[in-house]
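What follows is one structure encoded as structure tokens, with my remarks underneath.
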Number of protein chains: 2
Amino acid sequence: MPTSSVAASSAAGRPRSDLNATVFAATLRSVHELGYAGATMDRIAVAAGVAKTTLYRRWPSKGALIVDCLIDAFGRMPFDGADRGEVLSSGIHWLAAKIGEPGVGAALAGVFSDAVNDPALREILSTRLQEPYRLALQDELGEPPHRIRLLMDVVTGTLIHRMGMTGEPMADADVAALAEMVLRTFR
Amino acid sequence: MPTSSVAASSAAGRPRSDLNATVFAATLRSVHELGYAGATMDRIAVAAGVAKTTLYRRWPSKGALIVDCLIDAFGRMPFDGADRGEVLSSGIHWLAAKIGEPGVGAALAGVFSDAVNDPALREILSTRLQEPYRLALQDELGEPPHRIRLLMDVVTGTLIHRMGMTGEPMADADVAALAEMVLRTFR
DNA sequence: CCACTTACGCTACCGTCAGTAGCGTAAGTG
DNA sequence: CACTTACGCTACTGACGGTAGCGTAAGTGG
């Protein structure tokens with residue numbers, strides 16, 4: 001037990017701050033090349049030049065690692081557009097574009113697939129990945145939580161379903177059609 | 001090698017025709033009680049009063065068993081309604097109701113989740129489970145394949161995503177909202 | 001210069017589960 | 001009475017997520 005939690009300057013053997021970024025890059029690369037299931041924790045560790053035990057010291061499970069990796073990959077959602085319609089449309093296209101980046105779509109579809117059989121992972125996904133966007137959208141659109149929830153489930157459900165079933169991100173024309181469809185209801 | 005494939009009347013030790021139904025019931029019961037991952041092939045075999053090897057003699061994989069089970073559970077899609085709007089709406093509510101039956105929703109979400117990491121299962125799912133409904137809808141609505149594909153992916157993507165993330169089928173009010181939303185585009 | 005702390009590498013391991021091999025047997029067939 | 005076919009049973013493999021335990025490099029504070 002440390003004598004004083006205030007003395008956080010104790011930097012003896014402190015975690016390398018660049019290691020997370022290295023692992024995230026290796027994770028997305030592995031998922032891109034080998035698929036979600038093919039990107040085992042062993043392989044990710046090798047790709048990152050890191051011991052597998054180190055991964056488990058920083059993340060409690062493969063799912064948690066992927067979620068953190070995705071949080072890093074997605075970043076903040078841009079709110080471009082004058083009215084609600086433009087905001088919504090640009091948001092949908094932003095999400096679709098992110099899913100199109102190498103590894104991101106497969107990681108997203110994979111982690112949601114794992115979540116079906118793992119309540120703890122569902123909690124992590126909902127709280128850490130989805131919640132921020134839910135709150136931001138709620139704030140931006142002024143819709144009740146229930147409507148935001150439906151809106152997000154339609155968009156992410158459709159995009160992830162396509163990604164999972166085809167292995168490819170949805171084509172632009174379909175994304176546009178999806179956006180148009182959503183706009184008719186939520187504009 | 002049989003001397004004549006015509007002499008198919010050779011009924012020596014032929015498969016018990018009621019065994020499939022028994023297995024399907026045991027499968028849905030197991031999935032309902034234990035979840036998709038908890039319903040292992042061993043447990044399904046025990047629940048059905050059957051050897052695990054027998055399951056693998058009839059189905060090449062767990063996914064294939066679940067798909068056949070779902071085909072049996074869904075049956076034919078009813079086309080009720082005078083116009084396209086009513087047909088579409090009743091179809092969506094029919095699907096949602098089926099997903100609400102014990103075990104069906106969990107089995108559906110589970111098998112789609114497995115499919116993300118299994119191209120062979122994706123093929124089975126697409127060809128044996130989805131294709132018939134795709135063709136029927138195409139016939140009924142007279143829309144091009146591309147539009148039917150989008151329509152189905154939005155509906156099934158949303159419903160399965162909800163089921164997978166909450167463990168519960170989507171509430172009626174949300175199903176109605178989803179149907180209304182889809183109708184605005186595809187009526 | 002010397003304890004002490006902390007993060008990391010490494011090897012070996014566990015439990016679970018999908019899927020397989022091989023052998024014995026009941027039952028109907030000609 | 002041979003023959004075929006489907007099924008039960010036991011034992012096994014291989015992959016993968018996750019863990020245990022021990023050694024070590026590096027920076028810290030006295």
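Note on naming: letters A, B, ... go to the chains in the order of the sequence lines (proteins, then strands), and numbering restarts at 1 for each one.
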A:Leu70 vs A:Val111 side-chain heavy atoms within contact, under 4.5 Å: yes
Contacts of A:Phe186 that satisfy ring-ring contact (aromatic ring centres under 6.0 Å, His included) - sequence neighbours left out: none
Donor-acceptor pairs under 3.5 Å, side chain of residues 176-184 of chain A to any protein atom, not counting sequence neighbours: which ones?
from     : atom 1 : to       : atom 2 : distance (Å)
A:Arg184 : NE     : B:Thr185 : OG1    : 3.2

Sequence neighbours excluded - ring-ring contact (aromatic ring centres under 6.0 Å, His included) pairs with any residue from residues 33-64 of chain A: A:Phe24-A:Trp59
Sequence neighbours left out, what passes side chain to side chain donor-acceptor pair (under 3.5 Å) with [X]? Give chain and number order.
| X | answer |
| --- | --- |
| B:Arg84 | B:Glu143 |
| B:Gln130 | none |
| A:Thr127 | A:Glu123 |

Under 3.5 Å, N/O pairs linking protein and nucleotides 17-23 of chain D:
from   : atom 1 : to      : atom 2 : distance (Å)
D:dG17 : OP1    : A:Lys62 : NZ     : 3.3
D:dG17 : OP2    : A:Met41 : N      : 3.2
D:dG18 : OP2    : A:Tyr56 : OH     : 3.1
D:dG18 : OP2    : A:Lys62 : N      : 2.8
D:dG18 : N7     : A:Lys52 : NZ     : 3.0
D:dG18 : O6     : A:Lys52 : NZ     : 2.8

[X] has an atom [atom1]; how far is it from atom [atom2] of [N], in whole Å?
| X | N | atom1 | atom2 | value |
| --- | --- | --- | --- | --- |
| B:Arg43 | C:dC17 | CZ | P | 6 Å |
| A:Leu34 | D:dC16 | CG | C1' | 14 Å |
| B:Leu65 | C:dG19 | CG | C1' | 14 Å |
| B:Trp59 | C:dA18 | CH2 | C1' | 16 Å |
| B:Leu55 | D:dC9 | CG | P | 12 Å |
| B:Arg58 | C:dG19 | CZ | P | 18 Å |
| B:Asp114 | C:dC17 | CG | P | 13 Å |

Which nucleotides of DNA chain C pair, in dot-bracket form (Watson-Crick or G-U under 3.5 Å, | meaning another strand): ||||||||||||||||||||||||||||||
Donor + acceptor pair across side chains of A:Arg134, A:Ser126 (<3.5 Å): yes
Sugar-phosphate only, base, or nothing, as touched by B:Gly38 at under 4.0 Å among non-hydrogen atoms: nothing
Apart from B:Val116 itself, residues in the same hydrophobic cluster as defined by side-chain heavy atoms under 4.5 Å: none
